[in-house]
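Worksheet: the structure to be examined is printed underneath.
Here the structure is a predicted model, which is why all the values come from computation and not from measurement. Numbered from 1 within each chain, the chains take letters A, B, ... in sequence-line order.
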There are 2 protein chains.
Amino acid sequence: MTTENFGHPYAVLRPVRLGNAFEETIERLLQAITVGLFPPGQKLPSERDLAGHLGVSRATLREALSELQKAGYLEVRRGRYGGTYLLQNAGVASDGAAHIDPEERWDVLVFRGVIEPAAAELAAEADLPASARQHLQTCLTDLLEADHATYRTRDARFHIAVAELTSCPSLITAVTENRARVSALLDEIPLLTANLEHSNQQHLAITEAILRGDAAGARALMIDHLEGTAALLRGFLH
Amino acid sequence: MTTENFGHPYAVLRPVRLGNAFEETIERLLQAITVGLFPPGQKLPSERDLAGHLGVSRATLREALSELQKAGYLEVRRGRYGGTYLLQNAGVASDGAAHIDPEERWDVLVFRGVIEPAAAELAAEADLPASARQHLQTCLTDLLEADHATYRTRDARFHIAVAELTSCPSLITAVTENRARVSALLDEIPLLTANLEHSNQQHLAITEAILRGDAAGARALMIDHLEGTAALLRGFLH
DNA sequence: CTCCAAAGGACTAGTTTCAGTCCATGTCGC
DNA sequence: GCGACATGGACTGAAACTAGTCCTTTGGAG
């Protein structure tokens with residue numbers, strides 16, 4: 001880390017393409033799934049719709065969907081009012097122990113510490129319409145009711161909901177992508193009931209701070225909350 | 001903005017491809033240029049090298065370079081010790097008045113207000129090696145010596161240098177991309193000597209705070225600094 | 001003076017991706 | 001029942017993109 005090449009232009013000159021369109025499409029869909037943006041058991045948008053939004057041809061999208069289907073994430077029903085459905089126990093056979101490299105881990109956590117507290121602060125400062133308040137409340141309730149199987153996904157969903165309240169697309173995107181990476185990290189450590197309950201108290205407190213417009217409080221609470229997970233990760237991964 | 005669709009999965013399902021590889025490659029190179037990562041008058045990395053880093057075939061890269069050459073950004077010399085050179089007065093004939101939409105403007109500025117103060121804070125907290133301190137100092141000196149023609153580029157370069165000190169790739173990338181967008185905004189308003197001098201005082205103060213390890217100070221100074229430009233933009237654009 | 005090496009220039013064959021078109025299925029409203 | 005129609009399924013020809021190869025230029029080392 002100390003041998004870094006400062007001023008090196010390759011920081012921006014990162015790959016234009018992370019893989020072929022097919023691979024990136026799978027990646028995106030998986031991201032949306034792990035982050036809870038597609039509620040389990042529900043129908044995904046139509047192929048034509050998805051392809052349009054992902055900026056990819058339907059052929060490519062279908063290749064990706066077919067792969068996810070083979071991997072046990074999706075179920076497809078034909079005919080009118082048919083569609084692609086996200087299975088409840090999607091991707092149970094996840095590979096596990098992907099073993100994320102320490103630099104990557106550090107990067108994810110530092111960046112999260114930058115954007116999430118800011119998101120909470122901005123959310124609290126914003127003049128939130130009723131629909132926004134309702135959305136946050138719903139995500140919180142879902143999270144509080146979650147069991148071990150659904151917790152991680154709903155946790156991600158809640159944090160993204162906070163970012164959504166800022167109405168800042170760049171920030172929402174940053175939080176979403178970061179959350180997908182955090183989820184991959186968390187998959188490496190066990191889920192303990194004690195931590196879970198403590199986290200949920202924090203989720204509740206953050207929500208209240210945001211809804212009451214307490215920006216400084218929301219920020220501070222979010223920092224605390226993130227520190228908890230970070231410490232947990234440090235503890236479990238040497 | 002109040003009619004936002006909260007919880008809509010399309011926030012992550014943004015396009016996998018923003019354009020074809022050729023267009024995206026131009027975009028990237030242009031970004032690196034406007035943000036001062038390729039010093040004017042100097043040689044760019046070789047085509048084979050650039051193509052590799054951008055994850056694009058040399059044919060595609062060459063198309064992009066040829067376009068930038070036609071647009072007056074680059075000069076190409078053949079033979080050994082030849083290469084692609086960035087012209088001093090690159091892209092003078094920039095289209096101007098691209099007229100960025102207000103939502104985009106707001107997004108850029110809000111996001112900047114999130115990531116840049118955090119970058120300054122983290123930079124000040126970091127245990128900086130001599131090379132890092134030197135790099136920041138160099139970028140600052142270049143900026144203080146800049147004239148009207150070179151100011152914007154070196155300004156961007158300085159802000160990216162601050163982010164580089166954090167050694168957090170996600171943050172560096174975020175700041176770099178954001179800066180490219182900020183530059184597009186600034187191109188719409190005039191450069192006033194008074195503002196420029198005031199900005200440079202702030203740049204100096206930020207540098208000092210970082211080098212002395214004053215995290216809170218660096219953060220506060222950066223917030224002040226950004227507020228200045230934001231106010232300027234608000235003033236000039238209705 | 002000669003040759004080498006590092007750079008840009010140009011071509012080719014193969015693969016991926018796309019846009020468009022038509023087919024197949026099956027639920028809902030009549 | 002029965003037909004309309006939104007959905008998934010399948011195919012085709014064209015365009016974009018790639019990897020690989022070889023050519024051309026030109027400054028410096030020997």
- Item | L37(B) side chain reached by R157(B) side chain, heavy atoms, under 4.5 Å | yes

*asked:* Less than 4.5 Å apart, side chain to side chain, heavy atoms only: is that true for R152(A) and D187(A)?
replied: yes

Between CZ of F22(B) and C1' of dT17(C) the distance, given in whole Å, is 18 Å

Atom CZ of R77(A) and atom C1' of dC5(D) are separated, to the nearest Å, by 19 Å

(message) Looking at E116(A) and R179(A), is there a salt bridge between them, counting it only when a charged N and a carboxylate O are closer than 4.0 Å?
(response) yes

Sorted by number, residues from residues 48-67 of chain B placing a heavy atom under 4.0 Å from DNA chain C are R48(B), R58(B), R62(B)

In whole angstroms, the gap separating C1' of dG9(D) from CD of E75(A) amounts to 17 Å

Per the under-4.0 Å heavy-atom filter, residues of residues 23-30 of chain B near DNA chain C come out as none

Salt bridge (charged side-chain N to carboxylate O under 4.0 Å, His left out) pairs touching residues 27-41 of chain B, sequence neighbours excluded, are none

* Asked: Is L54(B) close to E24(B) at the side-chain level, that is, under 4.5 Å between some pair of heavy atoms?
  -> no

inquiry  = Quick check: do H159(A) and V162(A) have side-chain heavy atoms less than 4.5 Å from each other?
reply    = no

To the nearest angstrom, the CZ-P distance between R17(B) and dT17(C) comes to 7 Å

Salt-bridge contact E23(A)-R17(A) (side-chain N to carboxylate O under 4.0 Å):
no

>> Please verify the inter-ring angle class for Y151(B) with H203(B); under 30° counts as parallel, over 60° as perpendicular, anything in between as tilted.
In response: tilted

Comparing S46(A) with A21(B), nearest DNA chain D nucleotide closer to 5' gives the residue S46(A)

Sorted by chain and number, sequence neighbours left out, side-chain hydrogen bond (donor to acceptor under 3.5 Å, both in side chains) with R181(A) holds for E104(A), D107(A), S170(B)

Rounded to whole Å, CD of E47(A) lies from P of dA24(C) at a distance of 17 Å

The complete set of salt bridge (charged side-chain N to carboxylate O under 4.0 Å, His left out) pairs with one or both residues in residues 128-150 of chain B, sequence neighbours excluded, reads none

Any heavy-atom pair between the side chains of L109(B) and L185(B) that's under 4.5 Å? yes

Using the 3.5 Å cut-off, write out each protein N or O paired with an N or O of nucleotides 26-29 of chain C and the distance between them.
from	atom 1	to	atom 2	distance (Å)
dG26(C)	N3	R80(A)	N	3.4
dT27(C)	O4'	R80(A)	O	3.4

